[in-house]
2 protein chains.
Amino acid sequence: MSLRHAMLGLLTFKPMTGYELKSVFDNSINHFWNAQLSQIYRELGGLEDKGHIVSRVELQHGKPDKKIYSITEEGDSELQRWLESSPKTLSMPMRDELTLRVFFGSRVAAKELIYILQGFIRERQEALAALRFIGECLDGFMCEGTHAQDAFYQKLTLVRGLKFFAADIEWAEESIEQLERRERQSED
Amino acid sequence: MSLRHAMLGLLTFKPMTGYELKSVFDNSINHFWNAQLSQIYRELGGLEDKGHIVSRVELQHGKPDKKIYSITEEGDSELQRWLESSPKTLSMPMRDELTLRVFFGSRVAAKELIYILQGFIRERQEALAALRFIGECLDGFMCEGTHAQDAFYQKLTLVRGLKFFAADIEWAEESIEQLERRERQSED
DNA sequence: GAATTCATGTAACTTGTTACATGATTTA
DNA sequence: TAAATCATGTAACAAGTTACATGAATTC
């Protein structure tokens with residue numbers, strides 16, 4: 001139920017629509033959680049049924065009316081209960097398709113693998129740049145509506161993303177090197 | 001469909017039962033893919049329906065009979081097709097509950113967070129040790145049935161896990177330090 | 001004129017998790 | 001004597017993805 005709790009947590013910052021929540025997922029916490037819009041709307045429904053959040057409608061012209069959700073007291077204590085419950089597993093199961101492809105790499109042309117890894121490096125560099133941007137915003141107190149206490153914790157999570165993406169880039173570069181060296185050796 | 005292709009790939013190494021596949025997931029590729037036994041059996045069923053694998057039964061006494069699955073020619077070309085198809089996204093969406101908890105850390109006692117991070121460090125150290133063990137086996141050609149070509153690629157994926165876990169430990173240690181410094185400052 | 005942003009959702013499907021059921025043999 | 005290992009699965013549920021539907025306003 002982590003998605004629900006992520007949404008509850010984000011709604012403690014300010015009331016939001018489902019659409020806005022999606023943009024927070026995309027722009028701020030993408031490096032450790034995300035969800036499709038359709039899933040967000042589904043979970044909003046569930047949270048409202050349970051009384052953890054309430055909505056008020058803001059009429060609009062030309063667009064669908066906004067449904068702005070706020071967290072309730074019950075929602076707040078549910079979030080608190082979750083945060084204070086200790087999870088059994090701290091490390092979540094990983095699933096990474098790229099690594100799987102590399103694992104069976106002997107079946108693929110080395111050039112092909114190198115090309116894929118180069119694309120991966122580009123993706124990770126973009127992700128790094130995006131994180132650095134959030135970092136600057138957090139450091140400069142430019143993230144409107146973010147309290148100093150929260151900024152401290154948010155920076156901690158950001159650092160994890162930075163380290164993680166940097167490690168990935170390093171790995172992909174080293175792997176490309178090894179693949180190229182191996183190619184040269186087999187030519188001799 | 002990555003799980004299916006992971007299973008197909010593993011079955012190119014040697015025919016296996018569902019139970020054996022699960023132990024390969026647990027012991028060898030846990031750092032980038034895993035699945036529950038029930039899911040493995042379900043997917044085995046699907047793969048057999050499609051003719052990608054076939055099974056033969058080995059009778060046993062006192063235990064349920066073994067169903068040993070082997071990859072077929074069709075399964076092999078399906079695997080090849082998948083390996084040669086270029087995936088749209090190289091970086092898979094991440095979902096990490098621990099980071100989520102840290103993100104909303106201002107709502108939790110710092111001591112509590114530190115305690116959780118310490119547990120996380122222990123988990124990651126164990127994971128690192130497990131990976132190093134696989135590494136030694138791969139380096140010493142002690143992994144029975146693993147060809148030298150495959151060992152090369154498997155080592156590449158192993159390095160990713162090593163870097164990843166090391167980065168996590170580093171991050172958790174630094175985070176604990178920062179949390180402790182912050183605690184001391186607030187006491188003054 | 002085509003794509004993106006804003007804004008709501010539903011429905012169908014796929015993937016992953018948890019709980020249950022069976023039962024002999026071996027190890028702690 | 002309790003737990004782990006071996007070995008099969010089914011059923012129900014939870015979570016995540018993809019496709020579809022609507023439609024004005026804005027930006028390229």
Side-chain angles (χ1 to χ4, degrees), chain A residues 1-8 15-27 29-30 32-50 53 55-69 82 87-89 91-97 100, chain B residues 1-8 15-27 29-30 32-50 53 55-69 82 87-89 91-97 100:
Chain A
M1 298 247 100
S2 295
L3 174 58
R4 289 239 180 140
H5 294 104
M7 288 166 61
L8 280 178
M16 278 183 270
T17 67
Y19 194 83
E20 279 178 284
L21 275 169
K22 171 61 175 164
S23 91
V24 175
F25 276 105
D26 286 345
N27 303 315
I29 62 174
N30 191 250
F32 62 90
W33 213 278
N34 207 330
Q36 306 292 321
L37 247 182
S38 60
Q39 202 187 355
I40 290 171
Y41 283 122
R42 189 214 278 153
E43 297 305 327
L44 282 172
L47 283 167
E48 198 170 25
D49 288 345
K50 286 214 168 180
I53 56 175
S55 63
R56 65 181 174 78
V57 175
E58 199 177 282
L59 299 168
Q60 297 200 128
H61 42 280
K63 297 178 209 172
D65 299 333
K66 276 188 183 178
K67 262 178 101 171
I68 303 167
Y69 292 91
W82 179 75
K88 327 86 241 140
T89 39
S91 339
M92 294 197 86
M94 274 177 274
R95 289 196 177 81
D96 188 87
E97 197 181 306
L100 202 57
Chain B
M1 299 252 101
S2 294
L3 174 58
R4 290 240 181 139
H5 294 102
M7 288 166 59
L8 281 179
M16 277 183 268
T17 67
Y19 193 84
E20 280 179 284
L21 275 169
K22 171 60 175 164
S23 91
V24 176
F25 276 105
D26 286 345
N27 303 315
I29 63 175
N30 190 252
F32 62 90
W33 213 279
N34 207 330
Q36 304 294 320
L37 247 181
S38 60
Q39 201 188 354
I40 290 171
Y41 284 122
R42 191 214 274 150
E43 297 305 326
L44 282 172
L47 283 166
E48 199 169 26
D49 288 345
K50 286 212 166 179
I53 57 177
S55 61
R56 65 180 174 80
V57 174
E58 199 178 284
L59 299 169
Q60 298 202 128
H61 41 281
K63 297 178 208 173
D65 298 335
K66 276 188 183 180
K67 263 179 101 172
I68 302 167
Y69 292 92
W82 179 75
K88 336 73 250 133
T89 39
S91 340
M92 294 199 87
M94 274 177 272
R95 289 196 178 82
D96 187 86
E97 198 181 305
L100 202 56

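Atoms considered below: every heavy atom in the structure, side chains included; atoms not considered: hydrogens, waters and symmetry mates. Sequence lines set the chain letters: A, B, ... in the order given, protein chains first and strands last, and positions in each chain run from 1.
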* Let me know, please, whether A:Met1 or B:Ser38 comes out on the 5' side of the other along DNA chain D by nearest nucleotide. => B:Ser38
* Take the protein atom CD of A:Gln39 and the nucleotide atom C1' of D:dA14, then report the distance between them rounded to whole Å. => 10 Å
* **Heavy-atom side-chain proximity of A:Ile68 to A:Arg56 below 4.5 angstrom** => yes
* Asked: Can you check side chain to side chain contact (heavy atoms under 4.5 Å, CB included) on B:Leu59 and B:Lys66, steps first, answer last?
  -> CA-CA 6 Å; B:Leu59 299 169; B:Lys66 276 188 183 180; over 6 Å; no
* Nearest non-hydrogen partners of A:Ala6 and A:Phe25, listed with the distance -> CB-CZ, 4.2 Å
* Nearest-Å distance for atom pair NE2/P, residues B:His61 and D:dC6 -> 16 Å
* To do: Could you tell me whether the phosphate oxygens of D:dC6, OP1 or OP2, come under 4.0 Å of any side-chain nitrogen or oxygen in B:Gln60?
  => no
* 5' precedence on DNA chain D between B:Arg95 and B:Arg42 (nearest-nucleotide basis) -> B:Arg42
* Asked: Taking atom P of D:dT22 as reference, at what distance in whole Å does atom CG of A:Asp65 sit?
  -> 18 Å
* Asked: Tell me: CG of A:Leu37 to P of D:dT22, nearest whole Å?
  -> 18 Å
* **Touch class at under 4.0 angstrom, heavy-atom based, for A:Thr17 against every strand present** => sugar-phosphate
* To do: Using a 4.0 Å heavy-atom cut-off across all strands, classify A:Gly45 as base, sugar-phosphate, or nothing.
  => nothing
* **4.5 Å side-chain heavy-atom contact, A:Ser2 and B:Arg95** => no
* Asked: Which nucleotide of DNA chain C is the first, and which the last, in the 5' to 3' direction, to come under 4.0 Å of a heavy atom belonging to chain A?
  -> C:dT5 to C:dT17
* **Atom-to-atom span, CZ of A:Arg4 to P of D:dC13 - whole angstrom** => 15 Å
* Are A:Thr17 and A:Lys67 side-chain neighbours, meaning at least one heavy-atom pair lies under 4.5 Å? -> no
* To do: Any chance you could measure A:Leu44, atom CG, to A:Met7, atom CE, to the nearest 0.5 Å?
  => 3.5 Å
* Separation of atom CE in A:Met7 from atom P in D:dG16, rounded to whole Å -> 11 Å
* To do: Rounded off to whole Å, could you give me the CG-to-P distance for the A:Asn34 and D:dA15 pair?
  => 17 Å
* Heavy-atom side-chain proximity of A:Lys22 to A:Asp26 below 4.5 angstrom -> yes
* Structure fact -> Here the distance between atom P of D:dC6 and atom OH of B:Tyr19, to the nearest Å, is 4 Å
* To do: Please state whether the phosphate of D:dG16, meaning OP1 or OP2, lies under 4.0 angstrom from any side-chain nitrogen or oxygen of A:Gln36.
  => no
